[in-house]
Number of protein chains: 2
Amino acid sequence: MITESKQQNREEKMKTVVERASGTVRKKQIKKATLEIISGEGFKNLSTKNLASHVHLSEGAIFRHFHSKNDIILSIFSDVKDDLLKSLQKIAEKQTPPQKRLEEFMRFHIKYLKLNNGVTILLFTEAAYQNNNLLKKQLNQFFWLIKQYFGKIIHDGIALGIWNSTLSVDTISSLYIGIPITMNIEMNLIPEIFSYDNFCSQMFLLISRLLVCAEQ
Amino acid sequence: MITESKQQNREEKMKTVVERASGTVRKKQIKKATLEIISGEGFKNLSTKNLASHVHLSEGAIFRHFHSKNDIILSIFSDVKDDLLKSLQKIAEKQTPPQKRLEEFMRFHIKYLKLNNGVTILLFTEAAYQNNNLLKKQLNQFFWLIKQYFGKIIHDGIALGIWNSTLSVDTISSLYIGIPITMNIEMNLIPEIFSYDNFCSQMFLLISRLLVCAEQ
DNA sequence: TATCTTTGCAAGTGATTACTTACTTATAAA
DNA sequence: TTTATAAGTAAGTAATCACTTGCAAAGATA
């Protein structure tokens, strides 16, 4: 009896976000479990059965919230766009000095990927796994946007005469793209050694040096 | 004496052309098909059935030459070590000027990954897919060695007073690692736009500038 | 109270997976 | 020529896959 009322209370608490919320809560749980499995157990263990056990549901219940396994991945993809891309855009479009923006941009980018470790693995592995054109197109747009936002900061710095105007913004942006990816690789391959803060600072230093370099 | 030399000749023929060669030829065919499937059809189509059809054999025949599917991948991994890593090491240990070595190093590295497109995808996807410790360890060693070889060139340049001695060789090596990976991504996502030669030259220019940068 | 929607589960579905088995055939050594 | 071995196949195997179905029950609404 006591247990029952406790359970009721808990359920009523959940209700505060209203009935349908249960669906959205489940969706979040499933997506979270997806990333956990990918970064913790590997992509091949991302079966609907294993996923179900992670969220303490039956396998069939998964399909109440996502109509296919692929839909889960696409939904995560959409989340990354909302969370990461929009934030990077905001930082890039700030009115602060380019150097400050650059550092904030890099720190945010790297921190996000650190906190959401499974995301990078998911995006790349899924695209390579499926070789699906829609996925590749989305992934391409994803990188293109990051390069655009990063490039905006560089452009602004050049316009202000802070950074060297002879550099190819596009190439630096491409070089930049490699940084978070490298971090993710090192973080996964040598987690015991990898230092996030050190990595951030060192890379910011290198990019800064590269930008002012040809001023000499 | 005559019989002995005859036998020797036969054995030499065996090694190069006949019988046993069939096995090694098949192995090469199977590994080639593996990379073709991965870069052309995606990782999920790398089934032993599909693999068999690519080399025009029955599925069972595959297992005459590799005792498991995983063995094929490990064998490819071994090939990459022999082909790419040893070449990069040779270039790094040459007695030519560091600038020249650096360019040769980068060009060779990028060209290899361009010609063997499936390799990068295979290494990363497989490690993320399986989340296997042995694979991760090998992949880590793989990156570590490339960074070591690259770092040797940088060290030599610094020792000769050509490049800035205050730079962190380790961080530049990490930054460098991202370049071939970025290339592979761009090559796969936007193959119609991507220009290999342009990419190589531009990245070499950036790294060169970075190295001399702090001399000012 | 009656009804409707959402959420859940148990028990399936056919398809596909890596790999095996039992047997055949080509080839090269003895 | 005989014999041994490597290379091949057809037809399996059990396991797992993503996903479906039929039904139950909780919760909100009326």
Side-chain angles (χ1 to χ4, degrees), chain A residues 3-30 33-34 37 41-75 126 129-130 132, chain B residues 2-30 33-34 37 41-74 126 129-130 132:
Chain A
T3 358
E4 266 185 9
S5 62
K6 267 190 182 174
Q7 204 173 354
Q8 267 192 339
N9 283 335
R10 273 170 73 191
E11 280 171 359
E12 273 165 19
K13 270 192 180 176
M14 280 178 72
K15 268 191 234 168
T16 52
V17 208
V18 191
E19 227 278 313
R20 278 192 190 174
S22 186
T24 54
V25 162
R26 284 282 186 241
K27 279 187 182 176
K28 278 183 187 173
Q29 289 176 339
I30 292 168
T34 301
I37 291 169
E41 302 171 32
F43 206 87
K44 79 165 168 188
N45 290 307
L46 186 67
S47 62
T48 46
K49 192 183 173 186
N50 189 25
L51 198 46
S53 80
H54 269 72
V55 285
H56 306 108
L57 282 176
S58 71
E59 202 178 346
I62 300 288
F63 292 91
R64 282 267 173 240
H65 305 287
F66 293 99
H67 98 273
S68 74
K69 190 182 148 183
N70 199 44
D71 254 31
I72 303 173
I73 283 149
L74 290 175
S75 180
E126 187 64 15
Y129 186 78
Q130 306 251 13
N132 171 299
Chain B
I2 297 160
T3 359
E4 267 184 11
S5 64
K6 264 189 183 177
Q7 207 170 353
Q8 268 193 338
N9 283 334
R10 274 177 190 165
E11 279 172 0
E12 274 166 19
K13 272 193 178 178
M14 265 176 61
K15 274 182 196 171
T16 50
V17 198
V18 223
E19 236 271 311
R20 276 192 193 173
S22 186
T24 54
V25 163
R26 284 280 186 244
K27 278 187 181 176
K28 279 185 187 172
Q29 289 175 340
I30 292 167
T34 300
I37 291 169
E41 301 171 35
F43 208 85
K44 77 164 170 189
N45 289 308
L46 186 67
S47 62
T48 46
K49 192 183 173 186
N50 189 25
L51 198 46
S53 80
H54 269 73
V55 286
H56 305 108
L57 283 175
S58 71
E59 202 178 347
I62 300 287
F63 293 91
R64 284 267 172 241
H65 304 287
F66 293 98
H67 99 273
S68 75
K69 191 182 147 184
N70 199 43
D71 254 31
I72 303 172
I73 283 149
L74 290 175
E126 187 65 14
Y129 186 78
Q130 306 250 13
N132 171 298

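Computed from heavy atoms alone, side chains included, the values below leave out hydrogens, waters and symmetry copies. No experiment lies behind these values; they were computed from the predicted model shown. So that the names make sense, note that chain A is the first sequence line, chain B the second, and so on, each numbered from 1.
Shown here are the side chain to side chain donor-acceptor pair (under 3.5 Å) partners of Asn132(A), two or more places apart in sequence or in another chain: there are none. In this structure, Asn45(B) has no side chain to side chain donor-acceptor pair (under 3.5 Å) partners at least two apart in sequence or on a different chain. The side chain to side chain donor-acceptor pair (under 3.5 Å) check on Ser75(A) picks up Lys31(A), with sequence neighbours excluded. Phe43(B) is linked by a ring-ring contact (aromatic ring centres under 6.0 Å, His included) to Tyr129(B), counting only residues two or more places apart in sequence or in another chain.
Within residues 54-67 of chain B, the residues that place at least one heavy atom under 4.0 Å from DNA chain C are, in residue-number order, Glu59(B), Gly60(B), Phe63(B), Arg64(B).
dA18(D) atom P lies 12 Å from atom NZ of Lys44(B), rounded to whole Å. Here dA18(C) presents its C1' atom at 13 Å from CG of Asp71(B), a figure rounded to the nearest Å. Straight-line distance from the CG atom of Leu74(A) to the P atom of dA18(D): 15 Å, rounded to whole Å. At whole-Å resolution of the value, NZ in Lys49(B) and C1' in dT13(D) are 15 Å apart. If you take CD1 of Ile73(A) and P of dA18(D), they are 10 Å apart, rounded to a whole angstrom. Taking atom CZ on Arg26(A) and atom P on dG27(D), their separation rounds to 13 Å, with Å as the unit. At whole-Å resolution of the value, CD1 in Ile30(B) and P in dC19(C) are 13 Å apart.
Distance from the side chain of Lys69(B) is smallest to dC19(C) among dA18(D), dC19(C), dG8(D).
In this structure, NZ on Lys27(A) lies 13.0 Å from CZ on Arg64(A), to the nearest 0.5 angstrom. Here the straight-line distance linking atom CD1 of Ile73(A) with atom OG1 of Thr34(A) works out to 7.0 Å at 0.5 Å rounding. One distance of note links CD1 of Ile62(A) with CD of Gln29(A); it measures 9.5 Å at 0.5 Å rounding.
Among the atoms of the strands shown, base atoms are found under 4.0 Å from some heavy atom of Thr48(B). Contact annotation for Leu46(A): backbone-only contact, meaning every heavy-atom pair under 4.0 Å involves sugar-phosphate atoms and none involves a base.
For the helix from dT1(C)-dA30(D) to dA30(C)-dT1(D), the axis fitted to the five pairs at one end and the axis fitted to the five pairs at the other end meet at an angle of 10° (nearest 10 degrees).
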Tell me which donor-acceptor pairs under 3.5 Å the side chains of residues 52-60 of chain B have, and how far apart each pair is, sequence neighbours excluded?
unit_1: Ser53(B); atom_1: OG; unit_2: Asn50(B); atom_2: O; d: 2.8
unit_1: His54(B); atom_1: ND1; unit_2: Asn50(B); atom_2: O; d: 3.1
unit_1: His54(B); atom_1: ND1; unit_2: Asn50(B); atom_2: OD1; d: 3.4
unit_1: His54(B); atom_1: NE2; unit_2: Glu41(B); atom_2: OE2; d: 2.9
unit_1: Ser58(B); atom_1: OG; unit_2: Ala61(B); atom_2: N; d: 3.4
unit_1: Glu59(B); atom_1: OE2; unit_2: Thr48(B); atom_2: OG1; d: 2.7

